[in-house]
Amino acid sequence: MKRVAILISGGGSNMLELVASMTGDHPARPVLVASNNPTAAGLLKAAALGVPTTAVDHQPFGRDRQAFEADLQRQIEVANPDILCLAGFMRILTPGFIQRYEGRMLNIHPSLLPKYPGLHTHARALAAGDAEAGCTVHEVTADLDAGPILGQARVPVLPDDSETTLAARVLTMEHRLYPAVLRRFAVGDLHPVLLLSPPAQRGQERRSAATGALAGSRPPD
Ligand code: GRF
């Protein structure tokens, strides 16, 4: 059974979906929810589900990222996780921290990477007039939002979409994508997960299964 630590900064809706998915025959269990924000609402939600929590406030450390990360790592190591899931964790991690967990740290990003790494992804998709948007789960490497892709979910951009309505549609797919990717990753299956928001799902998935390949993903061993 794999041990999973989840890192959050805010409300933790993705964290809740991950925790809810890790039951029954799932190959992993949550052992810790950690945050850089002691007042993150997600910490209370995780505690209410009986998941151990911890917080290391990054603010007192100012620009000393290494010192903040050293404290955070000490807390994480107490739980001895096999896998780290970044779920709305809004601190950029240093290469030193990433190296320690390389190959076993995942992140969810609200765009169809490699498009729109960084912030304000929905506003940028709308400004570009994109017909589709979505989210990506990828392995975390020292290149921000550029690690091997493990899954993507696509949604249509609607003519009257605002940043808020598009973000809500993408978030719904995030909640399906991240648990699906984690279930595969926990058994060492790196085949990318591809999700489409209904109704186009069935037909498109048949075609995708035929083509198989997903851009930017690591070829399965
Ligand atoms: C999500 O949209 C995630 O993709 C982004 O931050 C948001 C966090 O949401 N990185 P939540 O805290 O999981 O609700």
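These numbers come from the heavy atoms of this one structure, side chains and all, not from hydrogens, waters or symmetry mates. Each ligand, and each atom within it, is numbered from 1 in the order the structure gives. The chain is numbered in sequence order, starting from 1.
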- Task: Rounded to the nearest 0.5 Å, what's the gap from CG on Leu144 to NE2 on His109? Could you check?
- Result: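 The CG atom of Leu144 sits 8.0 Å away from the NE2 atom of His109.
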
Identify whether the distance between the nearest side-chain nitrogen and carboxylate oxygen of [X] and [Y] falls below 4.0 Å.
X: Glu174; Y: Arg169; answer: no
X: Asp25; Y: Arg183; answer: yes
X: Asp130; Y: Lys115; answer: yes

- Just need the protein heavy atom nearest to atom 9 (O) of ligand 1, so name the residue and atom and give the distance.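 Here the nearest protein heavy atom works out to Asn14 ND2, 4.0 Å.
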
- Query: So which protein heavy atom does atom 6 (O) of ligand 1 come closest to, and at what separation?
  - Reply: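 Nearest neighbour among protein heavy atoms for atom 6 (O) of ligand 1, to 0.1 Å: Gly88 CA, 3.7 Å.
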
- Item | More than 12 heavy atoms from other groups under 6.0 Å of CD on Glu132 |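 Counting neighbours around CD of Glu132, more than 12 heavy atoms of other residues, nucleotides or ligands fall under 6.0 Å, so yes.
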
- Test of proximity, Ser13 against ligand 1: N or O pairs below 3.5 Å: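 Yes.
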
- Answer yes or no: does an N/O atom from Gly12 fall short of 3.5 Å to an N/O atom of ligand 1?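 Among all N and O atoms of Gly12, at least one is under 3.5 Å from an N or O of ligand 1.
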
- Mark up the atoms of ligand 1 that fall under 4.0 Å of a heavy atom belonging to Pro110, in ascending order.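 Once the distances to Pro110 are compared, the set is 4 (O).
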
- Going by the order shown, which atoms of ligand 1 are within less than 4.0 Å of some heavy atom of Glu174?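 Within the 4.0 Å cut-off of Glu174, ligand 1 contributes 1 (C), 2 (O), 3 (C), 4 (O).
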
- Could you establish whether Ile8 and ligand 1 come within less than 4.0 Å of each other, counting only heavy atoms on the residue side?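 Outside the 4.0 Å threshold, so no.
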
- Report the residue from Ile6, Val51, Val31 that forms a side-chain contact (heavy atoms from CB on, under 4.5 Å) with Met22.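 Exactly one option meets the side-chain contact (heavy atoms from CB on, under 4.5 Å) with Met22, and it is Ile6.
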
